[in-house]
Number of protein chains: 4
Amino acid sequence: MAAEFDIVIRSGRVVTSGDQFVADIGIKDGVVAAIGSGITSGKQDIDASGRLVLPGGVDNHVHIEQISASGLLNADDWESATRAAAFGGNTTVIAFAAQHAGMNLCKVVDDYHALARKGAVIDYSFHLIIADPNSQTLGHDLPALLDRGYQSVKLFTTYDKLKIDDESFLDILQITGTRGGLVSVHAENHGMIKWRTKSLVASGHTAPLAHAMAHPREAEIDAIDRVIRMAALTGQPIMIFHVSTAEGAEIVRQARSRGQSVHAETCPHYLLLTEAAMDRPMPEGAMWMCSPPLRRESDGEALWAALAGGVLQMVSSDHAPYAYDSSGKLRAGPMPRFDQIPGGLPGIGLRLPLMFDEMVRRGLPLEKFVEWTSAAPAKLYGLYPRKGSIVVGADADIAIWNPKARRRVGHDIILDRTGYSPYQDRILNGWPETVLLRGEVIVRQGSVTGQQGSGQFLVQDRCGSGLRDHRAVV
Amino acid sequence: MAAEFDIVIRSGRVVTSGDQFVADIGIKDGVVAAIGSGITSGKQDIDASGRLVLPGGVDNHVHIEQISASGLLNADDWESATRAAAFGGNTTVIAFAAQHAGMNLCKVVDDYHALARKGAVIDYSFHLIIADPNSQTLGHDLPALLDRGYQSVKLFTTYDKLKIDDESFLDILQITGTRGGLVSVHAENHGMIKWRTKSLVASGHTAPLAHAMAHPREAEIDAIDRVIRMAALTGQPIMIFHVSTAEGAEIVRQARSRGQSVHAETCPHYLLLTEAAMDRPMPEGAMWMCSPPLRRESDGEALWAALAGGVLQMVSSDHAPYAYDSSGKLRAGPMPRFDQIPGGLPGIGLRLPLMFDEMVRRGLPLEKFVEWTSAAPAKLYGLYPRKGSIVVGADADIAIWNPKARRRVGHDIILDRTGYSPYQDRILNGWPETVLLRGEVIVRQGSVTGQQGSGQFLVQDRCGSGLRDHRAVV
Amino acid sequence: MAAEFDIVIRSGRVVTSGDQFVADIGIKDGVVAAIGSGITSGKQDIDASGRLVLPGGVDNHVHIEQISASGLLNADDWESATRAAAFGGNTTVIAFAAQHAGMNLCKVVDDYHALARKGAVIDYSFHLIIADPNSQTLGHDLPALLDRGYQSVKLFTTYDKLKIDDESFLDILQITGTRGGLVSVHAENHGMIKWRTKSLVASGHTAPLAHAMAHPREAEIDAIDRVIRMAALTGQPIMIFHVSTAEGAEIVRQARSRGQSVHAETCPHYLLLTEAAMDRPMPEGAMWMCSPPLRRESDGEALWAALAGGVLQMVSSDHAPYAYDSSGKLRAGPMPRFDQIPGGLPGIGLRLPLMFDEMVRRGLPLEKFVEWTSAAPAKLYGLYPRKGSIVVGADADIAIWNPKARRRVGHDIILDRTGYSPYQDRILNGWPETVLLRGEVIVRQGSVTGQQGSGQFLVQDRCGSGLRDHRAVV
Amino acid sequence: MAAEFDIVIRSGRVVTSGDQFVADIGIKDGVVAAIGSGITSGKQDIDASGRLVLPGGVDNHVHIEQISASGLLNADDWESATRAAAFGGNTTVIAFAAQHAGMNLCKVVDDYHALARKGAVIDYSFHLIIADPNSQTLGHDLPALLDRGYQSVKLFTTYDKLKIDDESFLDILQITGTRGGLVSVHAENHGMIKWRTKSLVASGHTAPLAHAMAHPREAEIDAIDRVIRMAALTGQPIMIFHVSTAEGAEIVRQARSRGQSVHAETCPHYLLLTEAAMDRPMPEGAMWMCSPPLRRESDGEALWAALAGGVLQMVSSDHAPYAYDSSGKLRAGPMPRFDQIPGGLPGIGLRLPLMFDEMVRRGLPLEKFVEWTSAAPAKLYGLYPRKGSIVVGADADIAIWNPKARRRVGHDIILDRTGYSPYQDRILNGWPETVLLRGEVIVRQGSVTGQQGSGQFLVQDRCGSGLRDHRAVV
């Protein structure tokens, strides 16, 4: 072997979505050049004995520097969000380029590119949010962007200014799918939420816990059902974001067992927390408000089973950061009504440690940890084999975990700018001590060394991926 | 890297159950020593450019030199069976050590060892068939063998001389499972088969096609259901052999979704053939008789869906070779009654080419081909990571496939001794041109070079495997 | 017994939803006064030996003299529709009082009352169609009408001028249910239909058969699912009109098995015809166009099973009569595009004979015929025990059937004004030769003797009915 | 009407399985001669104003004077059992004629006839228990008895001396079904029970509560599944006795929805009690031991839902009376091991009052009370229309209930000879104060006036019944 590796990660236990073995990894020019035993030293050697050597995490659902229809901005910018991501073992994020009414979609993409280019510490790609499906958007901009490698579209079935009616939804599914793209959906029934919110407010239920009642499980179940049927009608694939209910997962399962190309994810908070977290003295519960809301313990167990059975394929953070102050959660005042509180939890930094800790506790194999948090999103969104595994030729995006590290959730390990964590004081076993992005060490000994602006944009190439949509049930 | 590989397989597209990438593979001392790009030459270089480099197949269900309760012997001995297996891309088989009434189980194991040691061209392990669950067997021999690394037991719910009653079945599940072993089952309801056979013979239905009616789908469905419930009662894992019906697969799915440790396989003939094959002028249809019998096209599709959804985890051959002459299928005469014909299809040699061809046709990923035919059986039966993947440290069991090779099923590619193939004249795309066992080339250019007796016995170590039983639903 | 019956129906086989027996029926003052054997003669005796004596049919879903949003009028007026109904064995219909945008709901009810009062030959009640859910309608008129005994509301999820958005739908469910009323629904997804219609027209598919594609089964499935979930959210009962798909029925079944108060009906055309009927030289197929459209044979079988299993409780005609001329089906010209053809089949007259004939052919009990076509709708809509059975105290609404009569469908037995029948030339076994309404003979020997205007309005009293909503699963 | 009724029951609220109305009932020569309002007085008038007039109960599953394989005799003889039945509102029972190994089936029938003829206070019929399926039994006696109107056979899948193997079970299903008969089954897996019992005893779990563990729910689920599949294989109907688990009911539901002729019942104790009742100081819990055992509260709720959905069609007592002394429950001594205690609960007397009380509490309609406890068993077992309803021509078997009566369960209202009640001290609302058998008052003001030996044997005529097997799903 022509040797002279830039870096050699030595003697670690390598884990991919399919295998687990002890080996050395030789990195050259930012990619994995060799995996072997006893390979020659590189310019730099990293001793990984007793450590796990995993692909860097791919977080396929994060909101960064995204402006809401009502002008609210996330607490994080690209620099803070991706620093937090890197610190937690990630090397890739897929964020949003969000159109609002009246905006030109191509211009939207350019604007978000500028923000990411300036701040990103790790690599990134975009989902295109369409909120104004006019003829310019659907007839011109969307097809053009799909052809240029923006192969992911996100739609909403709820929120006054974001929801897409069924007829337009079908149009977008058709346009996107026939060009190799994928539509991902926030699926909740808008009318049900409005009706419940109206009733709750009218009857004086205004505390944060009312948020769970205002977003009834029927709203998610109905919308998941409908978007899957719309996808079936068009014959195109679909991805369901943040499944939170047992019934939602069951609908996904049934569609997949019919051979339909339906994908789905959930998030750590639906696996680890319950709506009881919102039941605190007002307005503290606001810190646990997100949409869909936290559910019951039995839903969490059903989601674990759905992951295990392949019904859900991945776990994203849905990082949606709002500070617990007047810039975010409390923008409507110190004692806001539940429907005036921005929904969203911070999560980009702890997604991997939380999942690692809990999966080990449950006796789930590490291969599945890699699959759910890195390999599967990379494959679905057209980033594999560059991202998502440790194989010869892949980007050397690697997180070296110490399975025996033990951290308590607190401000020292949370780098995002929300100022709080829904998991405060939880003890986590396992931590990604060292992280490499394309062969560069970006986290070393708990310190982020990666530079803002060093992240690269990733063109999506779903047709070249190992897991194409038309192979949905696999 | 310290180089000096014994063999380098160069520039092939490596496929494992999780990944796919182009690389060179360096082999030393029979194991995979390095995977990289541009690694130094070995003592021998094999050019695999334009080829697929896959783990050797692991066929976990084959009958070799096995004597039936009625004294019938398979057409194959260890040499002929494993030569055929190697030629078809396999490097490991798991065969049977079959007890009959009155036999000492330890002695049975010794006897089968002697046969395999003499003939095996590839590596092997055993399932212990228990047909005499007396106190010596259950109280002494079985526990002792389990502790010595024979971690797989096979039971029957049918056949007069093999079937185990429910109470003994529960005893064996308990003894086996608590020692880390696994019970695999041939699941068909005995009474239903006897009743139907009696009725059919009485009404003059004696042609081979009557075999399908004599083994009604209800018989399989009932027995699968019952053995899964018995496993639930004991809290131990179970493996269902050769699932042939849609309903059978659905029962497995439901059990797995409840979190029960249930595994299942099917075979190529249930995926590719139907009972219509038996409907030929008597007695030709005998060549397609096996138990459970071939079913309907809709069952085949349901089984493909069950594989895709992870309900079935692997595809074995259930190689049960009987010649189409008076030594086998026609032992009761030239025009036998269906219930006098030995059941069983030859399949050890074509399992992999048949699956490769069909999976490519269906657009299924090669990673799944590796998983279903090599990685999953190796993991379930405790042979991984030595077998089942191409990773540093694993046995260099490798099949180099030419995806563009095109073969017609005929005597030149069937090496077993049955003298016929159920797939005669089928065109197959893709062929394993070169096969290595622990770094030795045992098939080269369509010629088996491996020597009889060179296969090694494999001790099972299910607790060390990547996919342990208690992780069933994964 | 105080005897002196006005009429005695003698020696017939009486059939109710629960029993079957031979007896005489004594009628006095319009009600059933006695059931016995050998009761004394009345002023008039009707010999029913060899005949079946059944409760008059209750058709709970008919469109009569109803003006569509686009100004289209049904082919029938109250006189012609109810004469046809009586001739076919019915004594009660529930028609519609249909609001359109801008109309005052109370005024709508008054207007429809005037039409019915003038023309009705048999008894009747109304469903209130709400298309303008403004504050006057929901806050004042609807509650007032519910309290006055108009306990049935009908809503649409489709049609541009009729569809109710989810939030208003929930409001109406709540208002209606809490006052003891019931919401019935035409459930199809509007966006799916519009999208498909747009695609079909764009690609030149304009023949009647395209109507089946323009109303995909997913549209019905989705809407049934959603309205049932909305009903669950409010805790109020719901009735699904004209279920046409196997999946739709399955959704109803699941809801009922969860204990939800969900009711459902189907119609003879979904049980007896298929979409193939529309595949005729244009525009003849228009005669079979209705919404939801005719489906597949397998759907019909699933609907029969759903009736048998109690998932569907009744069979209405959904009589929606449009003549096959420029006043109706061909109003857009002699060769209309499928989406310009009014949907609807005539059916008020043949509902009972068609069901009787087919149920006898299938070996289904006559008790079920009575239940599905008379007892169940009478109970659900608050007309029982006055209507729906033959018991002491009930209105003497009786149809005397000759089970051996044999009629061919043709103009002599169709009395509605559409001028055609979707069942032309079908042979029907069994016919209601004599019909009594409140003890008056209104059909005698195939001749309608009832007078227009003699029908009475029926106030609904769902709380007094034998089958109340909160007993849904029964 | 020719009047001169023997008895007139005046002004009661008559309830049948289909209707509910206020009327007078005129009885003559033991049958219902007229139902009307204001009918002339009979020789005797019974004022039923404010009372419910219901068909007498039909208890289709009672053990009376039956000798077990081990020689144990029930606590009740025909006189005591049927007096208790009458007192509780019943007019018909179906008991067992039980063959044991070596017995001639025709002789068995004669013997049980003699006992019933002597003691029965109410009418009766038999199920034939077959335990020795030899050629005399199956080839001669069973066909002969079926042809003579013994149309019901009962089989066991468990108990050492009663269980029938699958092949014989299929033979009996075929013989019985093709002659119009029906096989009813006690369905529990024998091996599972033996294995669990062995384990429990070995580990020192010998208290009554261990009985619930020794009869695991899997044993019932497995056996119900298997017998339904065997019935499917033969194309013959089947009846599942005493379904006790949610899963068992679900299996029945699925079979029925496939159109299979499967019937099923449950008993009051599975609806009203749970296994917790057995958890008392030894050996008191023995009083609640029966097979299948009492289950969980969630099972009870599932069984109520299954009744409501028509999955289960009737509720029998499974009266199996053993005194709580050395003649019965304690025959093995004062502190018996759980597997030495005879299983069975007394229930013939309180079945109707318990069901009435609970159904009213749950808001279930009285029509369903009549259907589940009288009409449905009469129809299934070929006793309708003579039994099971109040219609002209039927036997005047009538129970007049006071819905406002309030009784506490205690020795004054229990007339069987077990000496205890599993429902001791429960308050019951509603009581059958007066009972008539074929027009004779057999219970008056809480006193049984019927004479032993006055009950009549009922020939079964399933083909003439209103609900024949081939109409299973109805």
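This is a predicted model, so every value here is computed, not measured. Lettering of chains follows the sequences in order, A, B, ..., and the numbering in each one begins at 1.
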Problem set entry | Distance, nearest 0.5 Å, that separates CD1 of A:Ile390 from CD1 of B:Ile35 |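 Interatomic distance, A:Ile390 CD1 to B:Ile35 CD1, rounded to 0.5 Å: 12.0 Å.
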
Problem set entry | NZ on B:Lys379 to CD on A:Glu367, rounded to 0.5 Å |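 Answer rounded to 0.5 Å: 5.5 Å.
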
For this session: Using a cut-off of under 4.5 Å on heavy-atom pairs, state which of A:Val8, A:Asp19, A:Val31, A:Val14 scores highest against chain B.
Result: A:Asp19

Exercise. Taking only residues two or more places apart in sequence or in another chain, which ones pass ring pair (Phe, Tyr, Trp, His ring centres under 6.0 Å) with B:Tyr270?
Worked result: none

Exercise. Are any non-hydrogen side-chain atoms of A:Val392 and B:Val22 less than 4.5 angstrom apart?
Worked result: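 In short, these two side chains do not touch, never coming nearer than 4.5 Å.
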
Problem set entry | side-chain hydrogen bond (donor to acceptor under 3.5 Å, both in side chains) partners of B:Gln254, counting only residues at least two apart | B:Glu250

